[in-house]
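The next block holds one structure in the form of structure tokens; read it before the comments.
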Amino acid sequence: MTATIVTSAPVMVGTIRNLSVEGMMIETPALREATRLLVKSRGRGVRMGRVHRRAAE
């Protein structure tokens, strides 16, 4: 599912790969751990969150 990721500027487009009550896995350009963000997706509304960990590159 495509999502808009807002941290500040610029706004990024990402893909939600997994969504659950505990959190979500998103694929998007580099975000650092502890970054606060807002995720907007069609039909799911807006969710606020923070990056907890990143996948190994």
Side-chain angles (χ1 to χ4, degrees):
M1 160 182 354
T2 303
T4 302
I5 314 301
V6 180
T7 56
S8 55
V11 171
M12 294 178 257
V13 175
T15 302
I16 298 172
R17 296 290 180 198
N18 187 348
L19 179 63
S20 70
V21 174
E22 292 84 22
M24 69 177 67
M25 179 189 305
I26 57 174
E27 183 179 309
T28 189
L31 286 173
R32 296 186 311 201
E33 288 185 15
T35 301
R36 294 193 178 278
L37 48 87
L38 189 70
V39 179
K40 298 179 183 179
S41 59
R42 288 188 193 157
R44 299 283 182 183
V46 176
R47 294 177 184 247
M48 294 174 55
R50 184 172 14 148
V51 177
H52 284 281
R53 58 180 179 221
R54 295 181 48 195
E57 295 179 16

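Scope of the values below: all heavy atoms of this structure, side chains included, with no hydrogens, waters or symmetry mates. Since the structure is predicted, the reported quantities are computational estimates derived from the model, not experimental observations.
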- Step-by-step side-chain contact (heavy atoms from CB on, under 4.5 Å) determination, Ser41 to Ile16: CA-CA 9 Å; Ser41 59; Ile16 298 172; 4.0 Å; yes

- Between CZ on residue Arg47 and CG on residue Leu38, distance to nearest 0.5 Å: 11.5 Å

Side-chain atoms of residues 19-29: list all donor-acceptor pairs with protein atoms under 3.5 Å, sequence neighbours left out, distances to 0.1 Å.
residue: Ser20; atom: OG; partner: Glu22; partner atom: N; Å: 3.3
residue: Ser20; atom: OG; partner: Glu22; partner atom: OE1; Å: 3.3
residue: Ser20; atom: OG; partner: Gly23; partner atom: N; Å: 3.4
residue: Ser20; atom: OG; partner: Gly23; partner atom: O; Å: 3.3
residue: Glu27; atom: OE1; partner: Arg17; partner atom: NE; Å: 3.0
residue: Glu27; atom: OE1; partner: Arg17; partner atom: NH2; Å: 3.2

- Task: Verify the cluster assignment for Met1 and Val11: are they in a single hydrophobic cluster under the rule of side-chain heavy atoms below 4.5 Å apart?
- Result: no

- What is the minimum heavy-atom distance between Glu33 and Arg54, and which atoms define it?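 That closest heavy-atom pairing would be OE2-N, 3.8 Å.
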
- With a 4.5 Å limit on heavy-atom distance, are the side chains of Ile5 and Leu31 in contact?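 Heavy-atom side-chain distance check passes, below 4.5 Å.
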
- Message: As a quick check of understanding, evaluate side-chain contact (heavy atoms from CB on, under 4.5 Å) for Val46 and Val39, giving each step before the final call.
- Response: CA-CA 6 Å; Val46 176; Val39 179; over 6 Å; no

